[in-house]
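Have a look at the structure below before the remarks.
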Amino acid sequence: AQSVTQLGSHVSVSEGALVLLRCNYSSSVPPYLFWYVQYPNQGLQLLLKYTSAATLVKGINGFEAEFKKSETSFHLTKPSAHMSDAAEYFCAVTFNTGNQFYFGTGTSLTVIP
Amino acid sequence: KAGVTQTPRYLIKTRGQQVTLSCSPISGHRSVSWYQQTPGQGLQFLFEYFSETQRNKGNFPGRFSGRQFSNSRSEMNVSTLELGDSALYLCASTGTSSFVEQFFGPGTRLTVL
């Protein structure tokens with residue numbers, strides 16, 4: 001079975017601190033992995049994606065994620081949190097077979113001034 | 001290119017009624033997926049349409065149905081509404097390139113009273 005798990009439904013960091021949001025996947029075939037961000041009352045916006053090219057992926061707003069096959073992980077990081085980063089973050093996986101996406105349950109990020 | 005549009009943005013219905021939500025994908029995209037998002041359940045996959053055919057289906061009762069038109073616009077219908085159907089309904093479209101990310105609309109907020 002294919003799925004994705006996000007550890008920590010709520011994460012709080014101080015402004016300027018490192019942001020680390022965790023995502024682990026389970027898959028029997030090579031995955032495509034994504035991080036999306038959702039601001040209140042809005043849809044999901046793509047932050048970055050892994051599509052089997054470079055394992056370190058850089059996205060928008062200073063975020064990046066590293067695909068680690070040995071750990072089946074795709075954690076999202078940002079060196080220095082900004083107040084505007086406060087949002088809900090979703091990890092997702094697909095396998096390009098019929099296009100069904102599997103989403104994690106989301107991590108709500110709070111940035112403390 | 002215009003993004004994914006969803007109408008209406010907000011909807012209030014009463015139990016037992018039915019509702020139809022509309023989604024217009026990005027021009028040229030042929031795949032449309034629907035999700036239900038609630039605070040307790042996160043993002044739940046409803047179904048996905050590609051070229052007017054349902055290609056994938058989530059685990060929802062038959063009260064939830066959808067269709068896709070020849071111009072790729074999609075509608076979803078919920079009959080006999082229940083209080084638990086109150087949610088944000090998100091639509092996402094996908095192109096046919098090798099990068100398979102989903103592009104999300106802003107959602108329709110459905111409230112069932």
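As the structure is a prediction and not an experimental result, all values here were calculated from the model. Numbers restart at 1 for each chain; the letters A, B, ... are given by sequence-line order, proteins then strands. Any value given below was found using the heavy atoms of this structure, including those in side chains, with hydrogens, waters and symmetry copies removed.
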> So does Arg63(B) have more than 12 non-hydrogen atoms from other groups sitting under 6.0 Å from CZ?
Replying inline: yes
> Hey, any chance Leu11(B) and Phe64(B) share a hydrophobic cluster, counting ILVMFWY side chains that come within less than 4.5 Å of each other, even indirectly?
Replying inline: yes
> What option among Gln44(B), Gln6(B), Arg109(B), Gln37(B) has the most heavy-atom pairs under 4.5 Å with chain A?
Replying inline: Gln37(B)
> At what distance, to the nearest 0.5 angstrom, does CD of Gln100(A) lie from CZ of Phe47(B)?
Replying inline: 12.5 Å
> Phe101(A) and Glu101(B): which non-hydrogen atoms are nearest, and at how many Å?
Replying inline: CZ-CA, 4.0 Å
> Can Val4(A) be reached from Leu76(A) by stepping across I, L, V, M, F, W or Y side chains whose heavy atoms are under 4.5 Å apart?
Replying inline: yes
> chain B heavy atoms under 4.5 Å from Leu46(A): which part of the residue, side chain, backbone, both or neither?
Replying inline: side chain
>> Please classify the contact between Glu88(A) and chain B as side chain, backbone, both or neither, with a heavy-atom cut-off of under 4.5 Å.
In response: neither
> Within a reach of under 6.0 Å around NZ of Lys57(B), are more than 12 heavy atoms found that belong to other residues, nucleotides or ligands?
Replying inline: yes
> Quick check: are there more than 12 heavy atoms from other residues, nucleotides or ligands sitting under 6.0 Å from CG of Asn71(B)?
Replying inline: yes
> Under a 4.5 Å side-chain heavy-atom rule over Ile, Leu, Val, Met, Phe, Trp and Tyr, are Tyr89(A) and Val111(A) clustered together?
Replying inline: yes
> Quick one: are the ring centres of Phe104(B) and Tyr36(A) less than 6.0 Å apart?
Replying inline: yes
>> Within the structure provided, determine whether Gln38(A) and Leu43(B) are in side-chain contact (heavy-atom separation under 4.5 Å).
In response: no
